[in-house]
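Working notes, beginning with the structure itself.
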Amino acid sequence: MVTTVTEQEKELPSSTSSSNVLQWFYVAMLVYLLLVAVSLIGGGFKIAAGDQAKELFAFASNPITALVVGVVATALIQSSSTVTAIIVGLVAGGLPVSIAIPMVMGANIGTTITNTIVSLGHVKKEDEFRRAFAAATIHDFFNVISVIIFLPLEIAFGFLEKIGAFLAEFMVGGDAMSTKGFNFIKPLVKPPVTFLQDNVFGLLPDTVSGIMMIVLGITMILLVITMIGKLLKVLMVGRARKIMHTAVGRGPISGMASGTLITTLVQSSSTTTSLIVPLAGTGVFTLRQVYPFTLGANIGTCITALLAATAITGPNAIFALQIALIHFMYNLIGVIVIYGIPFLREIPILAAEKLADATVKNKLYAVAYVGSVFFVAPGILIGLSQHFGW
Amino acid sequence: MISTISNKDELSNRISDLEDSLKQLKTQLHHLEEGEQHEAIDNLEIYLEQIDHKYDNLRSFWGVAVNEFRELFGKSKNDGTSEQGGKDEN
């Protein structure tokens, strides 16, 4: 009997570790497929639109429309990683970076719907619901304020576009920090894309084959990111726990760092920000403790777009890297400015608390809030911007 | 009831004693809170699972919201009826 138990104990870790190895292999394969998918979208657009890609996106040349496209698409898909990876693919296919920037900003707002939905599950316990709803909506308010501050600045001065261009040039074009020499991802991604382009879709007319490639790419990204998220959630739970244990009692910077790290590990800001909602709901973590953690998630989620940009080949590769870097810089600058300035830092806290108090008294506030922020307000904004020609 | 202390030194000693006690109590509270946080983090899987029940969350919330809406609508309708009734009586 004793020997049997010992044998089982001996067998268990090895079987667990072999299953882990297998799961890590799946993750690696899925990341590879993600890179292929992004490359497919870029290639598909080039084939389908040729030099007309800019004209194709003329409908979103208005920054408000582009912002709304980002908000609604992300709210519907419930994954900013998916949307930003698709945007990187579109930029590689010819979508102008200036149009992609408001889309990326919109993706930041759209992704916050997931943790708001998670907080609604606490509705039956009043205090728990108040805390959970505030912990969810603090992320929304932060991202909305970030857009209110930075979108007009971007329209007026194009500062993010310039920062992104400088960094992309520095990384790809500069002699000192050039990544051209050691980018092993592009040669790995190119063969399947070329094979699909030449053999599978090559028999079709250019426009049709381009559209097929785009559709296949988007479908693959949707599936792959969902599957990566599920796998990493299981694989990374132990590491996430360790990171969170380390951050306890160490202040906001540590909270931000842990939010960034966990989001990078699970490749999903929705998972990180939704994870903290029930923790805040129990009252164990206060709203002020949760706040920096959710901001870290904003920074950590940029890893997917950066990863996607490494797969792009051709003359537009630098623009794909530029938009991925802009996504990162926008989130980083947002955290530094809004959290760094005490007056601005308090606004999301106060707004989340007030809304949570009102929602506890009348649940229809939550319905009105979700409907207006993610769907009605974007519609009104588009209407106004079209009418006044903003 | 705090007794009145007339000696200045005694009073400042008392204040520093109380401040030390307060600091100790705050540290104790801090440790307790941190202990609870570590305990919650140990159960991370439970919280992670909740993310997968988004549609159940929406459904349960929707039920509560619809009830509140009905109550609100019913209440205002009743209020309207009683006001009408009052007017009729007058």
Side-chain angles (χ1 to χ4, degrees), chain A residues 78 113-124 126 129 132-133 136 229-230 233-234 236-250 258 262 266 268 270-286 289 359-368 370, chain B residues 16-84 86:
Chain A
Q78 290 194 29
I113 196 171
T114 311
N115 65 351
T116 306
I117 292 173
V118 170
S119 74
L120 298 181
H122 298 263
V123 70
K124 283 169 186 166
E126 205 170 272
F129 179 56
F133 195 69
K230 279 185 180 165
K233 222 159 62 179
V234 177
M236 288 299 181
V237 67
R239 205 150 292 177
R241 198 186 287 124
K242 269 185 199 162
I243 292 168
M244 288 180 83
H245 275 309
T246 314
V248 166
R250 290 189 183 213
S258 66
I262 294 171
V266 298
S268 164
S270 305
T271 302
T272 317
T273 54
S274 301
L275 175 68
I276 206 74
V277 165
L279 282 168
T282 57
V284 170
F285 285 89
T286 64
Q289 287 170 330
T359 306
V360 165
K361 285 176 197 150
N362 188 343
K363 309 296 173 295
L364 296 175
Y365 279 111
V367 179
V370 172
Chain B
S16 64
D17 283 349
L18 284 170
E19 277 174 349
D20 285 344
S21 310
L22 196 65
K23 211 180 276 178
Q24 277 179 15
L25 286 172
K26 277 183 179 173
T27 312
Q28 272 181 36
L29 179 68
H30 202 64
H31 283 309
L32 274 175
E33 282 173 349
E34 280 186 16
E36 281 177 358
Q37 289 176 348
H38 284 297
E39 215 171 286
I41 292 168
D42 281 334
N43 298 316
L44 210 59
E45 284 93 342
I46 300 167
Y47 301 113
L48 266 173
E49 231 173 71
Q50 289 191 22
I51 304 169
D52 297 329
H53 299 127
K54 278 179 287 194
Y55 298 103
D56 294 334
N57 291 344
L58 267 179
R59 210 179 302 144
S60 62
F61 174 79
W62 191 245
V64 175
V66 166
N67 281 342
E68 277 200 9
F69 182 74
R70 276 187 191 140
E71 270 174 34
L72 198 74
F73 187 68
K75 209 188 272 178
S76 62
K77 204 176 167 184
N78 288 341
D79 290 348
T81 319
S82 62
E83 271 176 31
Q84 193 65 41

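Chain naming here is simple, since letters A, B, ... match the order of the sequence lines and numbering starts at 1 in each.
Heavy-atom pairs under 4.5 Å with chain B peak, among A:Lys124, A:Met244, A:Lys233, A:His245, at A:His245. Of the listed residues (A:Pro278, A:Ala366, A:Gly281), the one with the most heavy-atom contacts under 4.5 Å to chain B is A:Pro278. For chain B, the option among A:Val123, A:Val234, A:Asn115 with the highest count of heavy-atom pairs below 4.5 Å is A:Val123. Considering only heavy-atom pairs separated by less than 4.5 Å from chain B, the leading option among A:Val277, A:Asn362, A:Ile276, A:Thr282 is A:Asn362. When each of A:Val118, A:Thr114, A:Leu275 is scored by its heavy-atom pairs under 4.5 Å with chain B, the top score falls to A:Leu275.
Here the closest non-hydrogen pair linking A:Gly121 and B:Ser60 is CA-OG, 4.5 Å.
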Task: Intermediate values then yes/no, side chain to side chain contact (heavy atoms under 4.5 Å, CB included), B:Phe61 and A:Val367 - done: CA-CA 10 Å; B:Phe61 174 79; A:Val367 179; 3.7 Å; yes
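For residues 26-47 of chain B, a heavy-atom distance under 4.5 Å to chain A picks out B:Glu34, B:Glu36, B:Gln37, B:His38, B:Ala40, B:Ile41, B:Asp42, B:Leu44, B:Glu45, B:Tyr47, given by residue number.
The contact between A:Lys361 and chain B is made entirely by backbone atoms, counting heavy-atom distances below 4.5 Å. In this structure, the portions of A:Ser274 lying under 4.5 Å from any heavy atom of chain B include both its backbone and its side chain.
For residues 60-69 of chain B, the set of pairs meeting the salt bridge (charged side-chain N to carboxylate O under 4.0 Å, His left out) definition, not counting sequence neighbours, comprises A:Lys363-B:Glu68.
Here CG of B:Leu58 is found 4.5 Å from CD1 of A:Ile117. Values are rounded to the nearest 0.5 Å.
Using a 4.5 Å cut-off on side-chain heavy atoms (C-beta onward), A:Thr271 and B:Leu48 make contact.
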